[in-house]
> 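Here it is, the structure in full.
Every chain is numbered from 1 and lettered A, B, ... according to where its sequence line falls, protein lines coming before strand lines.
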Protein chains: 2
Amino acid sequence: MTQRRLIPGLKDVARTAGVSMATVSRYLNANLVLPADTAHRIDSAIRQLGYVPNLHARSLSRGRSDTIGLVIPTIANPFFALLAAAVEEAAEAKGLGVLLNATSNNANRELQYVTRMRRNQVSGLLFVSAHYHTPELVEALNDTRGLVLIDEDIPGVRSAKVLYDNYHGGWLAGQHLAEQGHRRIAFIGGPSELASTRDRFAGLRDAAAQAGAEVTFEMYGPYAPSHGEEAARALLSLGRPPSAVFVSSGEIMIGLLDALHRAAIAVPERLSLIVFDDAGPLHLFDPPLTAIRQPIAELGARAVELMLAASQGDPSETEVRLPVELVKRASVAPPISV
Amino acid sequence: MTQRRLIPGLKDVARTAGVSMATVSRYLNANLVLPADTAHRIDSAIRQLGYVPNLHARSLSRGRSDTIGLVIPTIANPFFALLAAAVEEAAEAKGLGVLLNATSNNANRELQYVTRMRRNQVSGLLFVSAHYHTPELVEALNDTRGLVLIDEDIPGVRSAKVLYDNYHGGWLAGQHLAEQGHRRIAFIGGPSELASTRDRFAGLRDAAAQAGAEVTFEMYGPYAPSHGEEAARALLSLGRPPSAVFVSSGEIMIGLLDALHRAAIAVPERLSLIVFDDAGPLHLFDPPLTAIRQPIAELGARAVELMLAASQGDPSETEVRLPVELVKRASVAPPISV
DNA sequence: CTGAAAGCGCTAACAG
DNA sequence: CTGTTAGCGCTTTCAG
């Protein structure tokens, strides 16, 4: 129990307006058209008292909260920041609030957040996690109503999913590189256990093969600049280095490009570069980066749509694959000795 | 009322474990050390039933929610994304959740979100808004418990505030530019009604004046790339253009730099550039951008701290000014004709 | 069309 | 140390 409230409640409004709580409640929830006079009395009572409804009480009573959960690895990454913005906007348009949680790709936190959201406030959950997944997580996810997996698939989870066409992204990159005359290509991937990583690689490899080129170097690691730096180091120590590299994420690219600059490797003269993910002002980079662009706003919108459908009884396992596109800028050029 | 719940509640757990609700509740809230046996029975009842506490009920009952509100203009901007990440982390460390709302600097939304958070879920509110403020907003803000204004001051609001030392940031920029030999400097600011904009300008102007330089061009506008583009256009059409420009935000800089590139204006050879705000990989830009860096993580941490203090009865009007620093890179060089 | 009253699921006095 | 019980503030059935 709490101490006597000084804050006005529905009861106070009702008393002041000379009606019952039920009437005020109905009025506020717009299930009701009141005589102008009554409506006005209620309005002014509300204003006078400075009444603000208590959302917890409302949610408790209604059994739902008009809020959706969004769980992402981190928000300090342009891609996820943009994604969060897109989800927020889409949710807002449907009158839904969003509860955001960053997990840092930490399995405990993921489980914790999913649990927290599971039966609570949330009418649906948009989830993205980019690392190896424990059975517990998968189980928790499968117990979650209104779940939509986004951006990254998780094997074993049965839910609606909105993903990108990673294979085609890899293909586009491979094709472009091969067209420019590259024959030896490197792939710097994210975590190797992720389907997205493998798909991007497969697309790259297949497109290359079809054009008579090949992927001569592969390396995997976390979505972090440090991984890019290591990749650069590895690349530079190769006896017969590739003439182009396809980097699987913006974060990795940051470290890679930085290391390349420090080593005074000219891009694209010495090494061509193409990155998966076009978040951030890549056109202002040195050099402007050729990239595979993912439609982020669309991801957010589709996800919210599917979530609504899923939570309204239609637990479809729809999987949508959003197309990606190649954005040509200046980090790819024919290799020096073609 | 809702339909009969199939979901297990505290009551079910209590029955299954053969204890009372109170005991389970206390156990869960850790105010209590139970005989190992009892504790174990409760644990397994919880597991077996798949019990998940209802946060709304808890919040309603407790009168608080261990959640803080964060309202920012947009999350699709590296600075605010980083800020949100910092706040999330600081809040998480204190066991607090965060409810995020992006307002797009829309006055109605701001008012709406503040109201929504005001008496509700939220134990405190971290608020940032970067535009002209209506009296209604100021009033609503002053009625908010646990409010902390961050990043941008709002005249008339009495609350704790965590801001950056904008004046000093401007000063640092002016000093650096003057040292490099610039005598005619341009200021491309954000909205002119903001204290932060005026402070940055004042710092720049004073530092310039003291070094015998002057601000020969000023322009103000929204925090958007389009404003930067317009500024570039204006700058380029000047009869006697300045040799350096201080841009008041990263968003504006994006448009400005882009336009400069398109017009083939060499930076820093033809025009030196320094930007307030070091979010995003500015070191990879063409050229690497000299910037005034703001300690974002510290902002988040201090804000959460002050919020906690403010909501725990100490409604201090503490105002903390976080120091900023100059990060020299390659976008500033002596002017051609010194 | 409006009011009384029974919960929503949980916490916290208060008693035992 | 544990159980009983009265709410937290709102929604909604059910009478009137």
Side-chain angles (χ1 to χ4, degrees), chain A residues 1-39 41-42 45-46 49-67 115-116 118-123, chain B residues 1-42 45-46 49-67 116 118-123:
Chain A
M1 249 171 262
T2 335
Q3 77 280 30
R4 207 87 211 81
R5 270 131 168 17
L6 336 81
I7 341 185
L10 204 52
K11 197 179 332 191
D12 305 285
V13 174
R15 190 176 329 115
T16 308
V19 292
S20 78
M21 286 174 64
T23 301
V24 181
S25 174
R26 287 186 189 112
Y27 175 58
L28 257 28
N29 291 296
N31 325 325
L32 184 63
V33 188
L34 253 45
D37 171 49
T38 316
R41 285 213 316 283
I42 296 182
I46 289 179
L49 265 36
Y51 168 74
V52 182
N54 179 317
L55 261 30
H56 292 299
R58 167 197 292 240
S59 297
L60 177 58
S61 186
R62 298 228 276 216
R64 63 196 171 79
S65 68
D66 298 323
T67 295
T115 305
R116 180 190 292 184
R118 185 148 58 142
R119 169 157 153 248
N120 277 287
Q121 42 246 16
V122 138
S123 351
Chain B
M1 254 172 260
T2 335
Q3 76 281 28
R4 206 88 210 79
R5 261 113 183 27
L6 335 81
I7 342 186
L10 204 51
K11 197 178 332 190
D12 305 287
V13 175
R15 190 175 331 115
T16 308
V19 293
S20 78
M21 287 176 62
T23 302
V24 181
S25 173
R26 285 185 190 114
Y27 176 59
L28 259 27
N29 292 297
N31 325 326
L32 184 61
V33 187
L34 252 44
D37 171 51
T38 316
H40 185 262
R41 286 214 315 284
I42 296 182
I46 289 179
L49 265 36
Y51 168 74
V52 182
N54 180 316
L55 262 32
H56 292 299
R58 167 196 291 239
S59 298
L60 178 57
S61 184
R62 297 227 277 216
R64 63 198 170 77
S65 68
D66 298 323
T67 295
R116 178 190 294 182
R118 184 149 59 143
R119 169 159 151 246
N120 276 288
Q121 41 246 14
V122 139
S123 351

> To the nearest Å, give me how far apart CD1 (B:I42) and C1' (D:dC1) are.
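It works out to 13 Å between those atoms.
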
> Any idea which of C:dC10, D:dC10, D:dG3 is nearest the B:P53 side chain?
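Of the candidates, C:dC10 comes closest.
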
> Would you mind reading off the distance between B:R62 atom CZ and C:dA13 atom P, rounded to a whole angstrom?
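Spelled out: CZ on B:R62 to P on C:dA13 is 12 Å.
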
> Are any of B:S25's side-chain N or O atoms less than 4.0 Å away from OP1 or OP2 of C:dT11?
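True: B:S25 side-chain N/O within range (under 4.0 Å) of C:dT11 OP1/OP2.
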
> Please report, rounded to the nearest Å, how far the C1' atom of D:dG3 is from the CG atom of B:L10.
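Checked: the CG to C1' distance equals 13 Å.
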
> Working to the nearest 0.5 Å, report the span between CG of B:N54 and OG of B:S61.
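Separation between the atoms: 11.0 Å.
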
> For D:dC10 and A:Y27 - does any side-chain N or O of the residue sit under 4.0 Å from the phosphate oxygens OP1/OP2?
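For D:dC10, OP1/OP2 do not have a side-chain N/O of A:Y27 under 4.0 Å.
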
> Measure the distance from CZ on A:R58 to P on C:dC10 and round it to the nearest whole Å.
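That distance rounds to 21 Å.
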
> For C:dT11, does either OP1 or OP2 sit under 4.0 Å from a side-chain N or O belonging to B:N29?
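Result: yes.
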
> Judged by each residue's nearest nucleotide on DNA chain D, which is more toward the 5′ side, B:A57 or B:G18?
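Final value for this comparison: B:G18.
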
> Listed by chain and number, what are the side chain to side chain contact (heavy atoms under 4.5 Å, CB included) partners of A:S20, not counting sequence neighbours?
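Checked A:S20 against side chain to side chain contact (heavy atoms under 4.5 Å, CB included); matches are A:A22, A:T23.
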
> Evaluate side chain to side chain contact (heavy atoms under 4.5 Å, CB included) for B:M21 paired with B:V24, printing each intermediate quantity in order.
CA-CA 5 Å; B:M21 287 176 62; B:V24 181; 5.8 Å; no

> In chain order, what residues pass the salt bridge (charged side-chain N to carboxylate O under 4.0 Å, His left out) check against B:R58, with sequence neighbours excluded?
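Expected list: none.
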
> What's the NZ-P distance between B:K11 and D:dG3, to the nearest Å?
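One finds 16 Å between P of D:dG3 and NZ of B:K11, rounded.
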
> Starting at CE of A:M21 and ending at C1' of C:dG3, how long is that distance when rounded to a whole Å?
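So the CE-C1' distance, A:M21 to C:dG3, works out to 11 Å.
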
> Please state whether the phosphate of C:dT2, meaning OP1 or OP2, lies under 4.0 angstrom from any side-chain nitrogen or oxygen of A:T23.
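Looking at the OP1 and OP2 atoms of C:dT2, neither is under 4.0 Å from any side-chain N or O of A:T23.
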
> Verify the contact: side-chain N or O of A:S61 to OP1 or OP2 of D:dT11, cut-off strictly under 4.0 Å; return yes or no.
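No, A:S61 has no side-chain N/O under 4.0 Å of OP1/OP2 on D:dT11.
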
> For B:L55 and D:dC8, what is the distance between atoms CG and C1' respectively, to the nearest whole Å?
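One finds 15 Å between C1' of D:dC8 and CG of B:L55, rounded.
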
> Ignoring hydrogens and angles, answer whether the base of D:dT4 and the side-chain atoms of B:R26 contain a donor-acceptor pair closer than 3.5 Å.
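Answer no: no donor N or O sits under 3.5 Å from an acceptor.
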
> Hey, are the side chains of B:I46 and B:L28 touching, using non-hydrogen atoms and a 4.5 Å cut-off?
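Yes, their side chains come closer than 4.5 Å.
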
> Expressed in angstrom and rounded to an integer, what is the separation of B:H56 atom NE2 from C:dT11 atom P?
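It works out to 14 Å between those atoms.
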
